[in-house]
Chemist: 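Dumping the structure here so I can ask a few things about it.
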Amino acid sequence: MTRTFSRIVETVADFFLIFIIVFGIYIITHGHLTPGGGFQGGVVLAAGILLLLVAHGFSFARKIPEELLSDLEAIGGIAFILLASLGFGQSFFYNILWHEKLAFAEQVGRFFSGGAIPLMNLSVGLKVVAGITSGMFALSLFGGEES
Amino acid sequence: MSHLPICGIVVYLTAAFLTPLLYKAHRRVAEGVFLASTLSNPVLQTLLILELSSNSWKPIVYTLGAAGPYEWTYPIRIVLEVDALSAFMALIVTSISAAVALFSIGYMEEDGLQKYYTLFLLLDAGMLGMVLTGDLFNLYVFLEITSISSYALVAFRKHQWEAVEAGMKYMIMGSLASTIILVSIALLYGEYGTLTMAQLGWQYRHHPTGMARVALAGLLAGFLMKGGIVPVHMWLADAHPAAPSTISALLSGLVIKVGIYSAARIAYSVFWMGTDVRLLGWLVVVVGAASIIVGNLLAGFQRDIKRLLAYSSIGQVGYVVTGLGIALIPGVNPEASRAALDGALFHLLNHAVLKAMLFLSVGAIVHSLGTRDIGYMGGIAKRMPLTSAVVLLGAMGIIGAPPLNGFVSKWMLYEATAIFNPIIGAIAVLGTAFSTVAYGRLFYALLGRESRLVADRSPRDPGLWMSVPMIFLAAASVLFGILPRIPVVGLVRPARAALLSPGSYTSWLKVAGGILSSPNLPPAGQPISVFGSWVPAVFLLVFAISIAFFLLIRNLSASGVRTVGEGVKAFLSGEDERDFEALQLPGTSVVWGFAEAVKSLVNALKREHSGDLTVYLFWLIFLYAVLILLWGGA
Amino acid sequence: MISVAAQMVIQGIVLAGIFLTALYALLQKDLLASALMLAAMSLLMSLEFYLLQAPDVAIAEAAVGAGVSTLVLVLGIRKTGRWEE
Amino acid sequence: MMVYLTAFALIMLGIAGMLFRRNLLKIIMALSVADSGAYLLLIAIGYRSGGTAPILTGYEGGPMVDPLPQALVLTAIVIGVCVLIMAVSLVVNVYRHYGTLDVSELRRLRG
């Protein structure tokens, strides 16, 4: 049960991992322009990391410290709330960066548009990657039978 | 625009994400943030109430992400809508969780896991969001935040089989209920194209459709499950004892109340104005009355003290739901209708205070003894005088003993139910009788002879961190009992008025016609006195029915005598008492005779609580189907 | 732009596929096979979401349903037992 | 119409699966089938015949499908995956304590 897969599987997984990660990052960063956003990209990235987990065996999960993941998750959450709080001059979640032309305020359709939304997508993506990965790692390490 | 409505939620969420980061730096810092956020929140909600009352309780509408809710011609933004009822609930949620948070600093010392603070704060944020929100989308999101963190907290002690089993059942039942709620929200959206509750109420008033009624059936079934009402209460008795005691206090004190609140908000503010809700109101009254009987009765037959409290929660929430159901029925004596609603809301507040206090103090006892069996708690009152005093005070409050707050709200409910229907009134009285038996055993046990376990462990009263919240809650209970006018006039009446005037809930909408008036609204009358009205004939009838019940039980009771054995441990000291071998109990003795009398009923009920998840799920689907058939199809 | 009739046919096939995979997944005694069937259902579901003009949801459903939740279920099956008795 | 029928069929199928299957993992799978039915129902409700996806970039006029149900479904998917991960980790715990996944064996708490 604890045998990892063959060398071929590992290599193929490593190869595809690059594409999965690029695709995930694309989905997150273009969230305000194209379908997708923080959550979708985050799940895709998490799925990539989990592919590593499957291909390289579950002991791989031990190499990534649990604390790092929970820190990243917390940072993602705080960043999201801070960005939402920026709008307190008007109302919570008010997109002040865009309405006041402070940052990311180019014309709709350009990459640097959308105000706080791309930043929010980033923080949500961070939170989702860290959350799902840590949940899965906890699950896969559970019971300590693979060692 | 005032930002008070959102502030509480933001404070909780920020603290929830900060604590795991700070925990690594220093544990005390994380605890400080945890305490600061939970203790500051009641202040924020008090300010919110002051702002509301200074504006003659006109609902505050707060729009997320824009200056106003209107994008086109109808409200499209996500809104928070705070009226007197929401603010009342928000104050309860934040104050009780502040007390519990203070207690858990001392209590969770050993478990001390950083996840606990995050989950606790997320649970608070979810509940606060549920009571403050003004649209169904948000309600669903916050409901799920609440539910998921409570599943996680029930299963917090994963190394115990009990927590795992209870968490599993709770989670699967709760998820099915959430799915039913989601489907109902989808149906409502498909019907009316909006999820803002005020807008939905307006639409339903003008175009009531069958599909919307089906949706209401689903929403009610789901939220009644979250509120632990018979027949979908089975998870509660498993889940609440399995959690750590602080979490039990939150779950029993607040989470189920928030479920009831959501059901009431949807039934009253959205659907009440549209159609005749007589049948629905009766259905709610019947499930409430069933909860009163089942919960309080089964509480008397538990050896596990936390399970006793959990069953008693079902019974007490039954009172709240009965009161809410009575006011839902049009054509009831308006005095009774108002008294029922006052009583229900005040009992909601009182039960939150009392159950939090009971779970915290019982938690301290369980913590120091290492067992939850009442039989081993004999004579602990001498060793832990403060804690035991709080337990017994809470027990008296729940029974409804006169100087305490439970008495006032129960009295209002007795009167309302008696005027409404004498049989329901007698059931309300009977429920109190059952709960007296249940909590009476605590008096025997705690004040009785010292058991060997207590002598061995020699427990002591907990430290300052844990004593202060207990004393605070006990003081609140006594204060509300002696001076019920303060909470009733200050908080409960405005909340009741808000619930009974759905027109004001929708009044901010830019629609023709202004404020709606409901066909179901009872005509305005003289404000009812705190203790209601006195109608001798009705009360005589209720008295007669109660006596008939009593005689029935009395006649069923065993006529023989019984030698003391295993079964009375709980009332003596918990050990097999050699000295008491000769003691004999006659069949008329309160506790044993009563137990014999209702044994067949209790055994039938216990068979129904078989622990089989499939049966529990079946009951949820059954309730849903009954609601749809009786009300959706009509 | 595909014609309306063609779209109806495609949708019919996809929806029938969704239903059949779900049915098969729930009737199957082999838990691993059911987990994989659920993944297939999720993929078809995301295709259906795409046809219904919900690309956001389609991406999320594909990543979650076919990726993460299948893996979670497979992990759970590995830790417990493969066969439903 | 077909979509609505499929959605309701999936919900019914999921509920039936939860009621008649005895294996906990199977019950969780049935729950996710019922959830999928709810998602499909919501998306179908938001669909406007001939509408385009609700994305501003490259928008050329014409009807758009309703974005709100899609947002609701996304939220529900997030919630669903959280519940799934937690449920499976609880199932693993159940297996450790009870040695079985049969719900009729999971009956120590009762009465």
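Below, chains carry the letters A, B, ... as their sequence lines are ordered, and counting in each starts from 1. In this text, all values refer to a predicted model and were calculated from it rather than measured experimentally.
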Chemist: According to salt bridge (charged side-chain N to carboxylate O under 4.0 Å, His left out), who are the partners of D/Lys26, at least two apart in sequence or on a separate chain?
Modeler: C/Glu84
Chemist: Considering only heavy atoms, which portion of D/Tyr4 lies under 4.5 Å from any heavy atom of chain B: side chain, backbone, both, or neither?
Modeler: neither
Chemist: Which heavy atom in B/Thr614 sits nearest to a heavy atom in D/Leu19, and how many Å separate them?
Modeler: CG2-O, 2.8 Å
Chemist: So which part of B/Ala152 gets closer than 4.5 Å to some heavy atom of chain D, the side chain, the backbone, both or neither?
Modeler: both
Chemist: Go through B/Leu176, B/Leu613, B/Val141 and name the one with the most non-hydrogen pairs under 4.5 angstrom from chain D.
Modeler: B/Leu176
Chemist: Which atoms of B/Leu617 come close to chain D, meaning under 4.5 Å heavy atom to heavy atom: side chain ones, backbone ones, both, or neither?
Modeler: both
Chemist: Looking at every non-hydrogen atom in both residues, tell me the closest pair between B/Ser175 and D/Leu31 and how far apart they are.
Modeler: CB-CD2, 3.4 Å
Chemist: For D/Cys82 and B/Ile148, which heavy atoms make the closest approach, and how far apart are they?
Modeler: CB-CD1, 4.0 Å
Chemist: Which atom pair, heavy atoms only, marks the closest approach of B/Tyr151 to D/Met86?
Modeler: CB-CE, 3.7 Å
Chemist: What part of B/Ile185 gets closer than 4.5 Å to chain D, counting heavy atoms only: side chain, backbone, both or neither?
Modeler: side chain
Chemist: Report the option among D/Leu42, D/Ile45, D/Val94 that has the most heavy-atom pairs separated by less than 4.5 Å from atoms of chain B.
Modeler: D/Ile45
Chemist: Who passes salt bridge (charged side-chain N to carboxylate O under 4.0 Å, His left out) against B/Glu144, sequence neighbours left out?
Modeler: none
Chemist: Using a cut-off of under 4.5 Å on heavy-atom pairs, state which of D/Val78, D/Ile11, D/Leu24 scores highest against chain B.
Modeler: D/Leu24
Chemist: For B/Tyr140 and D/Ala76, which heavy atoms make the closest approach, and how far apart are they?
Modeler: OH-CB, 4.0 Å
Chemist: Is D/Val73 in contact with chain B via its backbone, its side chain, both, or neither, using a 4.5 Å heavy-atom distance?
Modeler: neither
Chemist: Under a 4.5 Å heavy-atom cut-off, does chain D meet the side chain of B/Ala166, its backbone, both or neither?
Modeler: both
Chemist: Verify side chain to side chain contact (heavy atoms under 4.5 Å, CB included) between B/Tyr189 and D/Leu72, making sure each step is shown before the conclusion.
Modeler: CA-CA 11 Å; B/Tyr189 187 77; D/Leu72 191 49; over 6 Å; no
Chemist: Can you find a heavy atom in the side chain of B/Asp612 that is under 4.5 Å from one in the side chain of D/Arg22?
Modeler: yes
Chemist: Counting only non-hydrogen atoms closer than 4.5 Å, does D/Ile79 touch chain B with its backbone (N, CA, C, O), its side chain (CB onward), both, or neither?
Modeler: both
Chemist: How long is the span from the OG1 atom in B/Thr179 to the CE atom in D/Met18, to the nearest 0.5 Å?
Modeler: 7.0 Å
Chemist: Between B/Met168 and chain D, which part of the residue has a heavy atom less than 4.5 Å away: side chain, backbone, both or neither?
Modeler: both
Chemist: Going by heavy atoms in the side chains, are D/Leu90 and B/Glu165 under 4.5 Å from each other?
Modeler: no
Chemist: Of the backbone (N, CA, C, O) and the side chain (C-beta and beyond), which part of D/Ala30 lies under 4.5 Å from a heavy atom of chain B, both, or neither?
Modeler: neither
Chemist: Sort B/Leu195 into side chain, backbone, both or neither according to what part of it lies under 4.5 angstrom from a heavy atom of chain D.
Modeler: side chain
Chemist: Which distance, rounded to the nearest 0.5 Å, do you find between the CG of D/Asp35 and the CG of B/Leu182?
Modeler: 7.0 Å
